[in-house]
Amino acid sequence: MKTYGLLGKNIGYSLSPVMHNAAFRALRLAAKYELFDTKEGMLDSFFNRLRKGDISGCNVTIPYKEKAMEFVDECDNIAGSIGALNTIALRDGSLVAHNTDCLGFTQALRGKNDGDLDLDPKGKNVFIFGAGGAAKAIIEALVLLNVKKIAITDVDRKKAENLADFAGKKRQNGSLITIVEDRTQYEEFISKADLLINATPCGMKESDAPLFDYRYIHENLYVFDLVYAVETPLINRSKTASRKSINGLNMLIYQAARSFTLWTGKEAPLDVMRKALLKKMEG
Ligand code: NAP
C-alpha cells in the first residue's frame with residue numbers, strides 16, 4: 001500500500017483526502033491519502049520519510065509552500081518561477097517540486113466544462129483581490145497567457161508590493177501591474193476590467209464585509225471566486241449582473257487531478273473526484 005498525503009499545519013479542514021482516496025478506489029490502486037499536520041520543527045523528519053519512500057508523494061499547503069522548496073532536489077519551471085510548490089513527486093529517488101495551483105487555475109479559466117469560465121484572457125484587463133500565495137500562482141498563469149494589465153489590491157500593502165515586484169520581473173516592457181490601494185479607485189478599475197478574481201477568503205463567513213460595492217459588477221465582467229466551500233455574496237451577485245461567474249471548485253479538482261497524475265502516471269477520474277467532493281461538502 002502506497003501512502004500519499006498533505007503536508008501543512010492545522011489542515012483538518014482539507015478536502016484533498018476525500019478526492020484522492022475516491023480516485024485511488026475508483027482505479028483500484030493500493031494507495032491511501034493522509035493528512036500530515038506537521039510542526040515546523042518536524043519538517044526534517046517528514047522529508048526523511050519522503051526521501052526513504054515511506055511516503056510516495058505529497059501535496060504541500062500553508063504555511064510550507066515556500067519553505068518546502070529548500071528540501072527538494074529539482075523543480076519544474078512553474079514551481080521554480082513562482083518560488084512555491086504545492087506538490088512533490090519522487091523521480092528516481094529525487095524529490096521534484098511542482099505547482100499545480102497554476103495549472104488548475106488555467107484549466108478552470110479557459111476550460112469549457114461545467115463550472116469552467118471559458119475565457120481566453122489574452123489582451124484582457126484583470127482585477128485581483130488578495131496578494132497571497134494563490135494570487136502569485138494566478139499571476140504566473142496570467143502572464144503566461146498574455147493578459148494586458150493586472151490591477152491588484154490587498155489589505156496588506158506590503159504583500160501587494162511584493163507581488164507587483166514579482167510580476168514586474170516577468171514582463172519588463174510596459175507596466176503590467178498596478179496596485180490599487182484606495183477603495184475609492186475600485187469603481188474606476190473594475191469598470192475597465194474584463195475579469196475580476198477573488199483570491200482572498202472574503203465571503204466565506206456571513207460576517208465578512210463585502211469586498212467592494214457589488215453594484216460595480218458590469219455585464220461584460222467575468223468573475224472567478226477562488227472560494228469553493230460556500231456561495232459567496234460576490235458569486236451570488238455576479239450570477240445576475242456579470243457575463244459569467246465561477247467559484248473555486250473546478251480549480252480545486254483540477255489541481256488535485258494534476259497531482260494525482262504526477263504521482264501515479266494515470267489520468268485522474270475527474271467525475272469521481274467531483275462527486276466525492278460534493279458529497280462531503282453537502283453532508
Ligand atoms: P493568503 O495567502 O492568506 O492570501 C490572501 C490575501 O488576501 C492575504 O494577503 C489577506 O490579507 C488578503 N485579504 C483578506 N481579505 C481581504 C480583502 N477584503 N481585501 C483585500 N485583501 C484581502 O491565502 P491564499 O492561499 O492566497 O488563498 C486565498 C483564498 O483562495 C482562500 O480562500 C483559499 O481557500 C482560496 N484558494 C482556493 C484554491 C482553489 O483551488 N480553489 C486554491 C488556493 C487558494 P491578510 O492576511 O492580512 O488577511
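Owing to the predicted nature of the structure, the values given are computational and were not obtained by experimental measurement. Whatever order the structure lists ligands and atoms in, that order sets their numbers, starting from 1. Scope of the values below: all heavy atoms of this structure, side chains included, with no hydrogens, waters or symmetry mates.
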I'd like to check whether [X] has a polar contact with ligand 1, where a contact means an N/O of the residue lying under 3.5 Å from an N/O of the ligand.
X	value
Val155	yes
Phe129	no
Leu211	no
Thr153	no
Leu226	yes

Within 6.0 angstrom of Arg91 CZ, more than 12 heavy atoms from elsewhere: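 Atom CZ in Arg91 is crowded, with more than 12 foreign heavy atoms closer than 6.0 Å.
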Over 12 foreign heavy atoms within 6.0 Å of CE, Met281: yes
Report the part of [X] in contact with ligand 1, treating N, CA, C, O as backbone and CB onward as side chain, heavy atoms under 4.0 Å; options are side chain, backbone, both, neither.
X	result
Ile62	side chain
Asp208	neither
Ala137	neither

So, for [atom], does the protein have a heavy atom nearer than 4.0 Å?
atom	answer
atom 3 (O) of ligand 1	no
atom 20 (C) of ligand 1	yes
atom 34 (O) of ligand 1	no

Do [X] and [Y] have side-chain heavy atoms sitting under 4.5 Å apart?
X	Y	value
Tyr254	Leu270	yes
Leu15	Lys280	yes
Glu161	Ile179	yes

Parallel, tilted or perpendicular, as decided by the 30° and 60° cut-offs, for the rings of Tyr186 and Phe127: perpendicular
Aromatic ring pairing Tyr216/Phe212, orientation class (parallel under 30°, perpendicular over 60°, tilted between):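 Parallel.
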For Asp118, all residues meeting salt bridge (charged side-chain N to carboxylate O under 4.0 Å, His left out), sequence neighbours excluded: Lys112
Pair Ser245, Ser238: side-chain N/O donor-acceptor within cut-off below 3.5 Å: no
Name the closest protein heavy atom to [atom], giving the residue it belongs to and the distance to 0.1 Å.
atom	value
atom 41 (N) of ligand 1	Gly248 O, 2.9 Å
atom 16 (C) of ligand 1	Thr200 CG2, 3.8 Å
atom 44 (C) of ligand 1	Ala134 CB, 3.7 Å
atom 28 (C) of ligand 1	Ala199 O, 3.2 Å
atom 42 (C) of ligand 1	Met251 CE, 3.7 Å
atom 1 (P) of ligand 1	Gly132 CA, 4.0 Å
atom 6 (C) of ligand 1	Asp154 OD2, 3.4 Å
atom 32 (O) of ligand 1	Pro201 CA, 3.3 Å

Hphob cluster co-occupancy, Ile150 + Tyr222, side-chain heavy atoms under 4.5 angstrom: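 Same cluster: Ile150 reaches Tyr222 through Ile, Leu, Val, Met, Phe, Trp or Tyr contacts under 4.5 Å.
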Ligand 1 contact by Gly104, heavy-atom criterion under 4.0 angstrom: no
What atoms in ligand 1 come closer than 4.0 Å to a heavy atom of [X]?
X	answer
Gly130	7 (O)
Lys159	8 (C), 9 (O), 46 (O)
Tyr228	41 (N)
Gly133	2 (O), 26 (O)

For Leu109, the option from Ile138, Leu142, Asp116, Ile246 that meets side chain to side chain contact (heavy atoms under 4.5 Å, CB included): Leu142
Shortest non-hydrogen contact between Ala108 and Asn250, atoms and distance: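 Closest heavy-atom pair between Ala108 and Asn250: CB-CB, 4.1 Å.
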Spatial distance of atom CG (Leu95) from atom CD1 (Ile88) [nearest 0.5 Å]: 6.0 Å
Charged tip of Lys136 within 45° of Phe166 ring normal and under 6.0 Å: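 Yes - Lys136 lies over the ring of Phe166, closer than 6.0 Å to its centre and within 45° of its axis.
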